[in-house]
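Numbered from 1 within each chain, the chains take letters A, B, ... in sequence-line order.
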2 protein chains.
Amino acid sequence: MNAEEERQAGLAMEGDEDLAGPPTKQELDLNQFLPYRLNSLADRISQALAELYEERYQLNIAQWRVLAWLSHCDELTAKKICAYTNMDKARVSRAIQALEERGLISRTPAPEDQRQQDLHLTAVGRKLLTKLIPEAQAWEAELVATLTAGEYRDLLNVMRKLERQLERIGDKG
Amino acid sequence: MNAEEERQAGLAMEGDEDLAGPPTKQELDLNQFLPYRLNSLADRISQALAELYEERYQLNIAQWRVLAWLSHCDELTAKKICAYTNMDKARVSRAIQALEERGLISRTPAPEDQRQQDLHLTAVGRKLLTKLIPEAQAWEAELVATLTAGEYRDLLNVMRKLERQLERIGDKG
DNA sequence: GCTAGTTAATTTCCTGTGCAACTAATTTTG
DNA sequence: CAAAATTAGTTGCACAGGAAATTAACTAGC
């Protein structure tokens with residue numbers, strides 16, 4: 001197994017000797033299986049990026065997403081965030097709670113419907129994002145640095161196709 | 001916001017009225033942010049597929065991965081599976097335990113090193129895979145049905161590039 | 001051959017999250 | 001207008017999974 005095959009097999013070990021053989025029989029090669037490959041890749045990207053929020057800003061992914069959406073349309077409700085991000089409402093609720101406790105966002109009952117609450121970034125929250133967002137974007141830029149413009153565009157295109165196809169097949173029904 | 005934009009925004013609601021406005025300000029648009037987009041897509045694919053294992057075979061993703069690798073090289077240890085799949089060893093350990101309890105795999109201490117155990121599919125496990133693997137492959141085929149051969153190939157290529165780049169940047173160091 | 005490390009796997013502890021039940025505000029129905 | 005249904009958000013419960021401690025088997029150094 002050469003280095004390239006080893007990389008493809010998902011092997012990322014340092015001092016290893018006896019992880020010898022490549023697959024020999026023919027049944028299902030997960031490395032040829034798109035759902036697995038895509039998930040592995042996305043997980044690793046997510047996790048690497050999560051360290052940026054987590055270690056340096058004590059934000060988990062859910063919290064980061066709430067903040068990012070608020071940076072974007074600074075007047076939202078939990079429900080809208082659920083819809084935009086596909087996150088469970090409990091997860092969103094807890095993220096909001098944590099962010100409010102830290103003083104990064106504020107919430108006020110919506111005047112037209114007291115069940116919902118209008119969410120806003122506080123000055124502190126906005127300031128944090130002023131630092132964090134460029135870092136995240138820089139990280140992303142580095143990630144895609146080796147892709148050509150065409151490759152990047154095509155990737156987004158194919159992802160859109162897959163999303164559309166997902167909705168046709170099972171995705172929740 | 002038309003249907004297409006709505007889809008892109010990750011909105012997948014049915015009877016919704018007041019989820020009106022698209023983002024207006026300019027800070028970080030998660031939908032333009034590759035890590036987020038990729039993770040959303042991969043999550044949804046994974047979860048949709050997981051229902052196939054879960055509902056019909058009572059297998060979670062970790063267990064499915066262990067089985068798939070065993071279908072492939074029917075003589076493995078937990079450690080190798082960890083290396084191949086990038087899963088935590090505790091997760092692998094639990095998957096193996098569950099699979100053994102269900103009689104889908106067997107484990108015997110490795111003769112050359114009693115700490116490790118050789119894993120094998122049982123007849124039952126092999127039989128289950130005989131049903132499950134084609135179903136998974138059929139599902140995948142349906143997912144990628146709208147992609148041209150070129151798009152599919154390019155997608156894998158770009159994914160490889162991203163994986164390589166990930167290893168250069170942070171991914172665990 | 002004994003002590004000190006190392007390694008494979010398991011277990012313990014803890015956190016995050018999904019689901020389902022719940023609370024409170026609002027809308028609909030009769 | 002009261003009762004029933006719906007909706008936004010919260011909370012209780014259970015479970016999956018990661019980090020770190022633990023156990024058992026092996027290796028290296030002296």
Whole angstroms only, please: what is the [atom1]-[atom2] distance between [X] and [N]?
X: B:I61; N: D:dA16; atom1: CD1; atom2: P; answer: 12 Å
X: A:E54; N: C:dT15; atom1: CD; atom2: P; answer: 12 Å
X: B:Q117; N: C:dT7; atom1: CD; atom2: P; answer: 19 Å
X: B:D118; N: C:dA8; atom1: CG; atom2: C1'; answer: 12 Å
X: A:R115; N: D:dT10; atom1: CZ; atom2: P; answer: 13 Å
X: A:D43; N: D:dG18; atom1: CG; atom2: C1'; answer: 13 Å
X: A:L59; N: C:dG16; atom1: CG; atom2: P; answer: 12 Å
X: A:D113; N: C:dA25; atom1: CG; atom2: C1'; answer: 7 Å

| query | Salt bridge or not for A:E163 and B:R44, using N-O below 4.0 Å? | reply |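 Looking at A:E163 and B:R44, the cut-off is not met.
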| said: Under 4.0 Å between a side-chain nitrogen and a carboxylate oxygen: does that hold for A:E27 and B:R126? | reply: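 Salt bridge flag = no for B:R126 with A:E27.
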Of the options [options], whose atoms approach the side-chain atoms of [X] most closely?
X: B:Q114; options: D:dG9, C:dT10, D:dA25; result: D:dA25
X: B:Q116; options: D:dA8, C:dA8, C:dG16; result: C:dA8
X: A:R107; options: D:dT10, D:dA8, C:dG18; result: D:dT10

Close side-chain approach of [X] to [Y], heavy-atom, < 4.5 Å:
X: B:L155; Y: A:L162; answer: yes
X: B:P35; Y: A:W139; answer: yes
X: A:L59; Y: A:L99; answer: yes
X: B:F33; Y: B:L38; answer: no

| For B:Y53, what residues pass the ring pair (Phe, Tyr, Trp, His ring centres under 6.0 Å) criterion, not counting sequence neighbours? |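 With neighbours one apart ignored, the set is B:W64.
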| field | Closest-nucleotide 5' rank along DNA chain C - winner of A:A62 and A:E112 | value |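 The answer here is A:A62.
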Check: protein-nucleotides 11-15 of chain D nitrogen or oxygen pairs below 3.5 Å:
unit_1, atom_1, unit_2, atom_2, d
D:dG12, O6, A:R94, NH2, 2.5

